[in-house]
Novice: 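Structure incoming, see below.
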Amino acid sequence: MPDGKYSVQHSVTIQEKRNSLKYKVLTSAETNVLSGKTRSFEDIKGNFDGLSAKIRNFIEKSADLCKPSQLYICDGSEEENTQLLQLLVENGVAKPIDKYQNSYLVRTNPADTARVESKTFICTPDKYTSVPRTKSGVTPSLGNWISPEDMEIAVKERFTNCMVGRTMYVLPFSMGPVGSPLAKIGIQLTDSPYVALSMRIMTRMGAEVLKVLGDDDFVRCLHCVGTPKSGVHENPLWPCDPERTIILHKPETNEIVSYGSGYGGNSLLGKKCFALRIGSTIAKKEGWLAEHMLIMGFTNPKNEKMYLGAAFPSACGKTNLAMMTPSLKGYKVECVGDDIAWMRFDKDGILKAVNPENGFFGVAPGTNSKSNPIAMETIKKNTIFTNVASTSNGGVFWEGMEEEVDLKETTITDWKNKEWDHQSNAAHPNSRFCTPAAQCPIIDPSWESPEGVPISAILFGGRRPEGVPLVYEARDWKHAVLVGASMRSEATAAAEHKGKMIMHDPFAMRPFFGYNFAHYIEHWVSMEKEGRKMPRVFHVNWFRKDANGKFMWPGFGENTRVLDWIMRRCNGEDVAVETPIGWVPKPGSINLEGLENPPNMEELTKVDKEFFLKELDQIEKYFDDQLTTDLPETMKDELKRYRERLSKY
Ligand code: SAT
Ligand code: MN
């Protein structure tokens with residue numbers, strides 16, 4: 001084993017571990033009395049009897065289908081966490097990272113490393129509730145629909161007897177602070193202990209949640225890592241079934257069913273499946289917003305603080321911005337969340353946001369003491385790393401950590417568990433750290449506030465190497481909706497897309513819409529009402545490149561300068577000039593003090609008419625292809641006005 005030996009504390013045998021689990025083994029007679037019928041699993045850990053009738057019913061129905069051999073009701077305790085971690089270590093699935101306290105590395109099957117958007121479906125009786133009407137001959141790109149009949153077939157085909165010989169873990173979890181009026185509860189059943197451990201970090205998971213839930217309903221989440229049709233796992237340490245992977249959502253019944261992948265958003269069902277896809281359908285019904293946004297606090301030297309939300313696509317720097325270390329003196333950033341925001345207007349018309357998550361599932365490569373020292377601090381304990389590389393002295397390594405690890409003194413084992421050749425990727429480009437948010441040294445004091453934090457500004461952004469200025473402000477709310485709907489960004493490794501093409505990613509939600517994007521636009525437009533204080537909306541682009549392919553803006557902590565400009569706009573300062581695309585910084589209004597190589601601000605704030613005319617053509621074509629007659633009238637009007645402004649410019 002290239003990684004060296006496990007430490008003594010992890011060398012208990014599986015039998016010892018099983019003994020220490022203290023299963024409450026029921027006799028078959030007891031089991032029958034409890035359920036009124038013969039149950040398929042042989043032993044149970046936890047108090048099945050104490051669960052609500054609705055939960056018992058969900059478990060029994062699922063167990064009848066999947067036929068697990070054991071049932072393990074998770075209570076979220078420290079003891080349980082230790083036991084499950086030991087189980088993974090003993091089975092060779094996880095490797096302790098001795099340099100960091102209570103931290104582990106897991107390597108997946110190389111065929112299971114990212115979200116699979118092409119195999120993700122929304123299930124509704126009517127197709128156009130889920131997806132827009134596309135032009136014939138055009139490949140739909142705003143989600144996939146499946147009929148209830150086909151979903152049933154897909155589930156039966158894959159889930160029948162899928163957990164024979166395996167343990168079904170029961171995970172009660174809350175998205176949002178337990179008991180908050182903005183929180184929602186789910187129960188995930190999974191046969192992956194890695195998923196159970198990750199869900200304990202990413203959500204509030206365990207017995208507390210059951211108390212708050214009582215007899216109420218919950219979002220039903222069923223997950224199985226799967227077994228290939230051949231019956232043989234390519235990599236028994238990471239069972240999965242890439243060929244038949246499918247991720248299904250049924251908003252009508254608040255159900256999520258996921259098969260075949262153990263990775264990230266495919267399997268940690270609280271995240272994209274619940275908090276965004278099912279979440280957005282609940283939000284539409286209840287009149288609020290479930291968004292792919294970080295939430296952060298920003299304080300200036302005058303001690304004025306504002307909160308903002310920012311929607312960037314996966315792997316475009318949400319985690320780095322949410323934890324930014326300001327380069328300018330006297331500024332402060334505090335982190336509320338790095339990926340998802342649930343937002344609603346309160347009775348005073350203020351937009352309030354909560355982060356429904358409890359941890360960060362951040363992209364590892366590129367993270368280092370310069371780009372994100374706060375993340376590097378956060379991950380030093382209680383962290384599960386997935387698909388990063390490991391070092392011979394008990395640490396982790398990924399691209400971007402070259403200056404943190406003595407590459408001459410250590411040997412590196414790459415994410416595929418081979419000695420690293422110093423040429424291929426040491427870590428997978430979508431390798432991740434999964435770490436508790438509470439450990440973040442700059443976590444915001446109000447991050448668990450049940451009513452949420454007040455949002456003054458919303459940022460949209462993406463990776464745009466060409467043409468798009470560093471920052472601009474939308475003209476008004478309807479224009480802001482157009483800016484969000486028109487977002488485009490370079491593809492990243494977070495999903496299965498190859499290459500670096502510029503993709504449309506409206507609201508950074510393209511892979512996460514729980515319903516027809518045209519209705520989503522209408523929902524956003526409908527947010528503006530008498531008596532509501534609408535947040536100001538901006539578009540940012542840290543990723544502009546010059547003719548030599550070099551980034552024109554230094555980014556990271558220097559983004560303070562842009563946030564400072566945004567805050568001044570929010571305070572009504574006269575620092576912007578009007579252009580057809582919105583308000584851009586007045587010359588000299590972005591503070592460049594102390595920058596060693598001042599960037600070309602003229603270029604970075606320029607609005608190039610020809611570029612934006614082409615961009616507008618692209619956007620109109622996209623709407624025409626992807627939304628056809630579904631495109632809301634408000635957007636048609638906005639597009640018309642935008643073209644008029646551009647042609648006069
Ligand atoms: O794998 S996840 O979907 O959770 C991460 C991401 O793409 O943002
Ligand atoms: Mn994300």
Side-chain angles (χ1 to χ4, degrees), residues 173-185 201-205 208-209 212 270-271 275-276 279 283 288-312 318-326 330-362 372 374-375 377-378 435-459 527 532-538 559-560 563-564 566-567 570-571:
F173 65 96
S174 172
M175 299 311 291
V178 181
S180 153
L182 300 189
K184 305 267 175 209
I185 289 176
I201 297 173
M202 293 308 297
T203 73
R204 281 104 176 158
M205 191 273 275
E208 277 296 292
V209 177
V212 171
K271 201 173 181 46
L276 290 178
W288 49 279
L289 297 168
E291 300 300 327
H292 193 203
M293 289 184 190
L294 67 87
I295 310 166
M296 67 193 282
F298 184 69
T299 306
N300 70 12
K302 288 186 245 165
N303 217 19
E304 294 165 332
K305 180 170 182 176
M306 69 183 259
Y307 286 97
L308 43 94
F312 308 158
K318 284 198 295 302
T319 309
N320 289 342
L321 185 62
M323 298 180 193
M324 182 180 76
T325 302
Y331 290 83
K332 187 160 82 177
V333 164
E334 285 157 297
C335 174
V336 177
D338 79 330
D339 197 38
I340 298 175
W342 282 358
M343 305 190 286
R344 66 171 91 198
F345 286 92
D346 68 10
K347 59 177 186 350
D348 301 318
I350 307 291
L351 186 62
K352 293 283 184 61
V354 293
N355 166 17
E357 300 193 280
N358 189 49
F360 306 120
F361 187 65
N372 194 340
I374 299 294
E377 234 5 84
T378 309
T435 194
Q439 285 176 193
C440 176
I442 58 158
I443 199 77
D444 191 82
S446 300
W447 87 282
E448 297 199 276
S449 145
E451 72 273 11
V453 297
I455 297 292
S456 307
I458 287 176
L459 275 52
M527 284 294 115
R532 284 186 174 176
K533 189 173 182 326
M534 302 312 287
R536 285 180 177 245
V537 178
F538 299 82
N559 292 336
T560 313
L563 295 189
D564 167 65
I566 286 174
M567 192 169 194
C570 291
N571 290 340

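Since the structure is predicted, the reported quantities are computational estimates derived from the model, not experimental observations.
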Novice: Quick check: closest heavy atoms across Ala437 and Phe360, and the distance to 0.1 Å?
Specialist: CA-CE1, 3.5 Å

Novice: Scan Ile442, Thr299, Asn300 and name whichever one has a side chain to side chain contact (heavy atoms under 4.5 Å, CB included) with Lys332.
Specialist: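 Answer to the side chain to side chain contact (heavy atoms under 4.5 Å, CB included) test with Lys332 among Ile442, Thr299, Asn300: Thr299.
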
Novice: Under 4.5 Å between any side-chain heavy atoms of Cys440 and Trp447, yes or no?
Specialist: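 A side-chain contact is absent here, since even the closest heavy-atom pair is not under 4.5 Å.
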
Novice: With Arg204, which of Asn358, Val212, Ile185 fulfils side chain to side chain contact (heavy atoms under 4.5 Å, CB included)?
Specialist: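 So, applying the side chain to side chain contact (heavy atoms under 4.5 Å, CB included) to Arg204 and each of Asn358, Val212, Ile185, only Asn358 qualifies.
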
Novice: Would you please test Met323 and Val333 for side chain to side chain contact (heavy atoms under 4.5 Å, CB included) and show each step?
Specialist: CA-CA 7 Å; Met323 298 180 193; Val333 164; over 6 Å; no

Novice: Would you be so kind as to tabulate the donor-acceptor pairs closer than 3.5 Å made by side chains of residues 348-356, with sequence neighbours excluded?
Specialist:
residue : atom : partner : partner atom : Å
Lys352  : NZ   : Asp346  : OD2          : 3.0
Asn355  : OD1  : Glu357  : N            : 2.8
Asn355  : ND2  : Val336  : O            : 2.9

Novice: Taking C-beta and beyond as the side chain, do Glu451 and Leu182 meet within less than 4.5 Å on heavy atoms?
Specialist: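 No, too far: nothing below the 4.5 Å cut-off.
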
Novice: What's the shortest heavy-atom distance between Met175 and Gly270, and which atoms?
Specialist: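 Met175 and Gly270 have their closest heavy atoms at CE-O, 3.2 Å.
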
Novice: Just how far is it from atom OH of Tyr331 to atom NZ of Lys302, taken to the nearest 0.5 Å?
Specialist: 8.5 Å

Novice: Taking the side chain as C-beta and beyond, is there a heavy-atom pair between Leu563 and Leu459 under 4.5 Å?
Specialist: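 Touching, per the 4.5 Å side-chain cut-off.
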
Novice: Would you please test Phe298 and Ile566 for side chain to side chain contact (heavy atoms under 4.5 Å, CB included) and show each step?
Specialist: CA-CA 10 Å; Phe298 184 69; Ile566 286 174; over 6 Å; no

Novice: About how many Å separate CD1 of Ile201 and OG1 of Thr435, when rounded to the nearest 0.5 Å?
Specialist: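 These two atoms lie 6.5 Å from each other.
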
Novice: Heavy atoms, side chains only, cut-off 4.5 Å: are Ile443 and Thr378 in contact?
Specialist: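 No, too far: nothing below the 4.5 Å cut-off.
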
Novice: Would you indicate whether the side-chain heavy atoms of Ile455 and Ile295 approach each other to under 4.5 Å?
Specialist: yes

Novice: Looking only at heavy atoms, what is the nearest atom pair of His292 and Leu276, with distance?
Specialist: N-CD2, 3.7 Å

Novice: Do Pro535 and Tyr307 have side chains that get closer than 4.5 Å, going by heavy atoms?
Specialist: no

Novice: State, to 0.1 Å, how close Lys533 and Phe345 come at their nearest heavy-atom pair, and which atoms those are.
Specialist: O-CE2, 3.7 Å

Novice: I'd like to know if the side chain of Lys318 and the backbone of Phe312 have a donor-acceptor N/O pair within less than 3.5 Å.
Specialist: yes

Novice: Nearest 0.5 Å, what's the OG-CD distance between Ser180 and Glu448?
Specialist: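 Between Ser180 OG and Glu448 CD, I get 10.0 Å after rounding to 0.5 Å.
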
Novice: For the atom pair CG (Asp338) and CE (Met296), what is the distance rounded to the nearest 0.5 Å?
Specialist: 11.5 Å

Novice: Mind checking the CG-CE spacing from Asp564 to Met567? Nearest 0.5 Å is all I need.
Specialist: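 Going from CG on Asp564 over to CE on Met567, the span is 8.5 Å.
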
Novice: For Gly279 and Trp288, work out which heavy atoms get closest and say how close.
Specialist: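 It is O-CH2, 4.2 Å.
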
Novice: How far does CG of Asn320 sit from OG1 of Thr325, to the nearest 0.5 angstrom?
Specialist: 10.0 Å

Novice: Ignoring hydrogens, what is the shortest heavy-atom contact between Ala183 and Pro177? Give both atom names and the distance.
Specialist: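 Smallest heavy-atom distance, with atoms named: CB-O, 3.3 Å.
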
